[in-house]
Each structure stands twice: as structure tokens, then as C-alpha cells.
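Read through the structure below, which is laid out as C-alpha cells, and then see the notes.
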Amino acid sequence: MSTLVIPSPAPSPRDDATQLHRAFKGIGCDAAVVVNILSHRNASQRDAIQQEFETLYSYDLKKELSSELHGNLKKALLLWMKSPMERDISTLRQAVTGHIPELKIANQIICARTSSHIRQIKQAYNTTYDAHLENDIEAQASGNHKQLMLAYLRTTRYEGPEIDRHLIEIDAKTMHKSGEKKFGMDERVLIQIFSERSRAHLVALDAAYQKMYGRELRKTIKREATGNFKNALSTILQCAHNPAKYYATVLRKAMKGLGTKDTTLIRVIVTRAEVDMQKIKEEYQKLYKKPLIDAVHSETLGQYRTFLISLLGAN
């Protein structure tokens with residue numbers, strides 16, 4: 001469900017590298033040429049262009065982009081030129097070790113990924129930064145949020161569609177019982193269920209809980225949890241139901257109100273363009289009665305706008 005539009009036939013990597021080199025020469029950079037080429041090449045083509053550029057000019061293309069471009073266009077293109085794994089681990093590293101930790105960004109990555117993907121992230125993070133992701137999370141997170149994130153990182157969850165109806169009923173009863181005759185639900189119950197159960201299980205649990213007790217799990221989370229803990233639980237549940245819908249809501253929040261949260265806008269569009277952006281666009285239209293492309297167009301300018309809209313494809 002990618003929205004990337006690639007010319008057919010695509011120019012050779014050598015032709016693209018040559019055109020990019022010309023765009024960098026002289027005073028200033030012809031950003032339009034850079035955007036027109038790189039926003040219409042898939043991951044393998046971008047890798048080939050980088051290799052060809054270094055072969056021809058003995059210089060790293062990403063370094064050239066970093067020195068020639070500025071602002072949000074520079075951020076977006078540099079993220080685009082990374083592999084999906086490089087994007088995840090570099091964003092996580094910045095989120096958990098930066099001057100101001102941004103744990104909601106860590107939630108958006110960790111809680112939206114499958115168990116097998118998280119194992120790969122942890123390995124790549126350790127290899128790249130000589131550090132353990134769990135240790136960095138533990139150093140920055142606190143309370144119930146820390147316990148949930150550590151459990152979610154360390155637990156191997158089933159990823160298939162099969163569910164255990166009996167276990168679902170037990171979980172629903174346990175959650176309800178833990179919240180009875182006391183102020184608030186036992187957070188340990190939420191942490192265990194949300195960190196150990198599969199996405200299919202959580203979706204079925206949501207339906208069972210609502211049928212048995214007349215309340216949606218998302219409303220229970222909203223009532224029982226706060227802050228980053230609530231955000232992480234909500235992200236896990238939303239991605240269990242419909243990841244595309246989740247990303248549509250993240251994009252809406254990034255563009256809502258005064259000022260656009262460009263870092264979030266860039267991250268979601270760049271990381272999902274070759275994955276499920278077509279579905280995200282459809283969900284955005286359903287939820288907000290407006291094309292995502294129109295929303296992005298109204299919130300951005302110049303070649304930065306052109307680049308993001310190119311990744312989003314046609315309406």
C-alpha cells in the first residue's frame with residue numbers, strides 16, 4: 001500500500017547521481033532537482049544512487065545533502081535516505097537520550113511495532129550505539145510507564161490471528177475485578193495484559209470487555225491511566241485494531257492548532273510512504289472528511305511541501 005510514484009523506466013543510478021551532483025554545484029543548491037529525483041525512488045534505488053554517487057565523486061551523498069539543504073527539507077530528506085531500521089533506532093536514540101527526552105516519540109515507535117520487529121530494533125540499537133535500549137528507557141521513563149515499556153520490550157508476543165476465547169474471558173474478568181471496590185484499576189494487570197497478549201487477542205478482548213461490562217477498553221484506559229502510561233497503552237490498543245487509523249490520528253494532531261509539529265509530520269510520512277500510506281490516507285479521509293494531501297499542503301511550504309506531497313502520491 002505504498003504511495004511512492006516511480007517513473008517507468010527509471011533513470012539509471014549513475015544518471016541520477018550525475019544529476020544530483022550538478023544540482024549541488026555552484027552557488028546554492030537546486031533543491032527542486034534533488035526533490036524531484038529522490039522523492040520518486042524506492043529504497044533499493046536510493047541505495048544504488050548513494051553507492052554510485054560515492055563511486056563517481058568519492059563523497060557521501062548524505063553528507064552533501066546535509067551541507068547543501070536546510071530546515072525541514074533537510075530533516076525530511078536525510079531521514080528518507082536512511083533504511084527503515086536506521087530511522088527507527090536513530091529516532092529512538094534521540095528520543096531517549098536527547099537533552100529533553102521525548103518519551104511519546106518512543107511510544108510511537110516501540111508500541112506500534114511487532115514483537116519480532118522490536119527484537120531487530122534492540123539488536124541494531126545495541127550494535128550501533130553500544131547501548132541497550134532497555135537501559136536507556138529505564139533511565140528516562142518512570143513509574144507505570146517504565147514498567148510497561150520494559151515489559152513490552154522484553155516479552156515475545158504471538159503475532160498470528162488465532163485467539164483463546166477462554167483466556168480472553170479470564171482477562172476481561174480480571175481487568176474488571178481489579179477495578180472493583182477500589183480507587184482505580186490495578187496497573188499491574190494492565191501492564192501484564194498489554195505487554196503479553198497478541199494484537200488479535202487485544203482486539204477480541206476489547207469486544208468481550210465491552211459486551212460483558214458495557215465499556216470500551218480505550219475509555220477504561222482514558223479513565224484509569226495518565227500521561228505517558230496512558231499514551232503507551234492507547235498506542236498499543238490502537239495499533240492492534242488499525243495501525244493506519246492510528247497514524248492518521250497522529251498526523252492530525254501534528255497539524256492541528258497553532259503551528260505544525262514538523263518532526264512528527266516528517267517521521268510518519270517518511271516512514272510509512274513505502275509501507276501503508278495509501279491506507280493511512282483512506283483512514284484520514286474517513287476520520288476528518290479532508291484529503292491528507294490537502295492538509296499537508298496547507299501546513300507546509302516550498303520544496304519541503306513538494307517533497308512530502310510527492311511521497312503521499314496522488315489523491
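Being a predicted model, the structure only gives us computed values, none of them experimental. Counting begins at 1 with the first residue of the sequence. These values consider heavy atoms only, across backbone and side chains, with no hydrogens, waters or symmetry-generated copies.
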Item checked: Side-chain H-bond candidate by donor/acceptor type, Lys245 with Gln238, under 3.5 Å -> no

Checklist line | Distance-only polar pair, side chains of His145 and Asn231, donor-acceptor under 3.5 Å | finding: no

Check: Which heavy atom in Lys281 sits nearest to a heavy atom in Thr3, and how many Å separate them?
Finding: CD-CG2, 3.8 Å

Checklist line | Arg267 vs Ile105 side-chain heavy atoms within contact, under 4.5 Å | finding: yes

Notebook entry, point to check: Honestly curious: do Leu217 and Val203 fall in one hydrophobic cluster under the side-chain, below-4.5 Å linking rule?
Noted result: no

Next item on the list: May I ask whether Ile193 and Met212 are part of the same hydrophobic cluster, defined by side-chain heavy atoms of I, L, V, M, F, W, Y residues being less than 4.5 angstrom apart, directly or through others?
Entry: yes

Note to self: What I want to check is whether the side chains of Asn42 and Ser44 have a donor and an acceptor closer together than 3.5 Å.
What the structure shows: yes

Checklist line | Modelled atom types, side-chain donor and acceptor of Glu299 and Thr260, under 3.5 Å | finding: yes

Notebook entry, point to check: Is the closest side-chain donor-acceptor distance between Thr18 and Asp15 under 3.5 Å?
Noted result: no

Item checked: Distance-minimising heavy-atom pair for Phe194 and Leu237 -> CE2-CB, 4.0 Å

Next item on the list: Using atom types as modelled and distance alone, determine if a side-chain donor or acceptor of His201 lies under 3.5 Å from a backbone N or O of Ile163.
Entry: no

Next item on the list: Consider only side-chain N and O atoms of Ser90 and Lys82, and report whether a donor and an acceptor are under 3.5 Å apart.
Entry: yes

Next item on the list: May I have the step-by-step check of side chain to side chain contact (heavy atoms under 4.5 Å, CB included) for Asn36 and Phe307, ending in yes or no?
Entry: CA-CA 8 Å; Asn36 187 53; Phe307 177 69; over 6 Å; no

Next item on the list: Using atom types as modelled and distance alone, determine if a side-chain donor or acceptor of Glu274 lies under 3.5 Å from a backbone N or O of Ala43.
Entry: yes

Next item on the list: Take Trp80 and Arg87 through the side chain to side chain contact (heavy atoms under 4.5 Å, CB included) test and state the conclusion after the steps.
Entry: CA-CA 8 Å; Trp80 180 238; Arg87 294 172 194 152; 3.8 Å; yes

Margin query: Can you tell whether the side chains of Asp276 and Arg272 come within less than 4.0 Å, N to carboxylate O?
Written below: yes

Checklist line | Donor-acceptor side-chain pairing of Gln108 and Thr235 below 3.5 angstrom | finding: no

Next item on the list: Report yes or no: do Val275 and Tyr246 belong to one cluster of Ile/Leu/Val/Met/Phe/Trp/Tyr joined by side chain heavy-atom distances under 4.5 Å?
Entry: no

Notebook entry, point to check: Is Glu224 salt-bridged to Lys230, cutoff N-O under 4.0 Å?
Noted result: no

Note to self: Which heavy atom of Ile236 sits nearest to which heavy atom of Cys111, and what is that distance?
What the structure shows: CG1-CB, 3.6 Å

Next item on the list: Evaluate the ring planes of Tyr213 and His176, with Trp represented by its six-membered ring, and classify them as parallel (under 30°), tilted (30 to 60°) or perpendicular (over 60°).
Entry: parallel

Notebook entry, point to check: Has His241 got more than 12 heavy atoms of other residues, nucleotides or ligands less than 6.0 Å from its NE2?
Noted result: yes

Notebook entry, point to check: Given side chains that start at C-beta, do those of His40 and Pro7 come closer than 4.5 Å, heavy atoms only?
Noted result: yes

Next item on the list: Could you please spell out the steps behind the side chain to side chain contact (heavy atoms under 4.5 Å, CB included) verdict for Leu73 and Val35?
Entry: CA-CA 9 Å; Leu73 177 60; Val35 167; 3.8 Å; yes

Next item on the list: Provide the closest heavy-atom pair for Gly160 versus Ala200 in the form atom of the first, atom of the second, distance.
Entry: O-CB, 3.8 Å

Next item on the list: Validate the cation-pi geometry between Arg157 and Tyr152: distance from NZ or CZ to the six-membered ring centre under 6.0 Å, angle to the ring axis within 45°.
Entry: yes

Margin query: Using only atom types and a distance under 3.5 Å, with no angle test, would you say the side chain of Glu86 pairs donor to acceptor with the backbone of Ser83?
Written below: yes

Check: Does any N or O in the side chain of Glu159 come within less than 3.5 Å of the main-chain N or O of Ser116, such that one atom is a donor and the other an acceptor?
Finding: yes

Item checked: Ile269 and Leu292: CA distance, side-chain angles, deciding distance, side chain to side chain contact (heavy atoms under 4.5 Å, CB included) verdict -> CA-CA 11 Å; Ile269 292 177; Leu292 177 57; 5.6 Å; no

Notebook entry, point to check: Would you find a donor on one side and an acceptor on the other, under 3.5 Å apart, between the side chain of Arg46 and the backbone of Met81?
Noted result: no

Checklist line | Minimal non-hydrogen separation, Gln45 against Ala10, with atom names | finding: NE2-CB, 3.7 Å

Notebook entry, point to check: Less than 4.5 Å apart, any side-chain heavy atom of Leu69 and any of Cys29?
Noted result: yes

Check: Which heavy atom of Val5 sits nearest a heavy atom of Gly313, and at what distance?
Finding: CG2-CA, 4.2 Å

Item checked: Parallel, tilted or perpendicular: rings of Tyr57 and His21 (30°, 60°) -> parallel

Check: Taking 4.0 angstrom as the limit, do Asp30 and Lys25 come out as a salt bridge?
Finding: no

Next item on the list: Indicate yes or no for a side-chain donor-acceptor contact from Thr91 to the backbone of Asp88 under 3.5 Å, with no hydrogens or angles considered.
Entry: no

Check: Are Asp206 and Arg218 close enough for a salt bridge, meaning some N to O gap below 4.0 Å?
Finding: no

Margin query: Checking the side chain of Thr128 only, and the main-chain atoms of Tyr125 only, is there a donor and an acceptor separated by less than 3.5 Å?
Written below: no

Notebook entry, point to check: Is Leu56 reachable from Phe53 through a run of I, L, V, M, F, W or Y residues, each pair having side-chain heavy atoms under 4.5 Å apart?
Noted result: yes

Notebook entry, point to check: Under the side-chain hydrogen bond (donor to acceptor under 3.5 Å, both in side chains) criterion, do Lys62 and Gln50 qualify, and how do the steps go?
Noted result: CA-CA 8 Å; Lys62 287 197 284 286; Gln50 291 187 82; 2.8 Å; yes

Notebook entry, point to check: In terms of side-chain geometry, is the basic nitrogen of Asp16 or Arg41 positioned less than 4.0 Å from the acidic oxygen of its partner?
Noted result: yes

Checklist line | Joint cluster assignment, Val33 & Ile6, ILVMFWY side-chain distance < 4.5 Å | finding: yes

Item checked: Tyr209 and Asp171 side chains, donor-acceptor separation under 3.5 Å -> no

Check: Can you list the residues that meet the salt bridge (Lys or Arg N to Asp or Glu O under 4.0 Å) rule with Glu138, with sequence neighbours excluded?
Finding: none

Item checked: Worked verdict on Glu134 versus Lys122 for salt bridge (Lys or Arg N to Asp or Glu O under 4.0 Å) -> CA-CA 8 Å; Glu134 294 102 315; Lys122 287 164 60 178; 3.1 Å; yes

Item checked: Short N-O contact, Lys173 and Glu169, less than 4.0 angstrom -> yes

Check: Do the side chain of Lys74 and the main chain of Ser66 share a donor and acceptor less than 3.5 angstrom apart?
Finding: yes

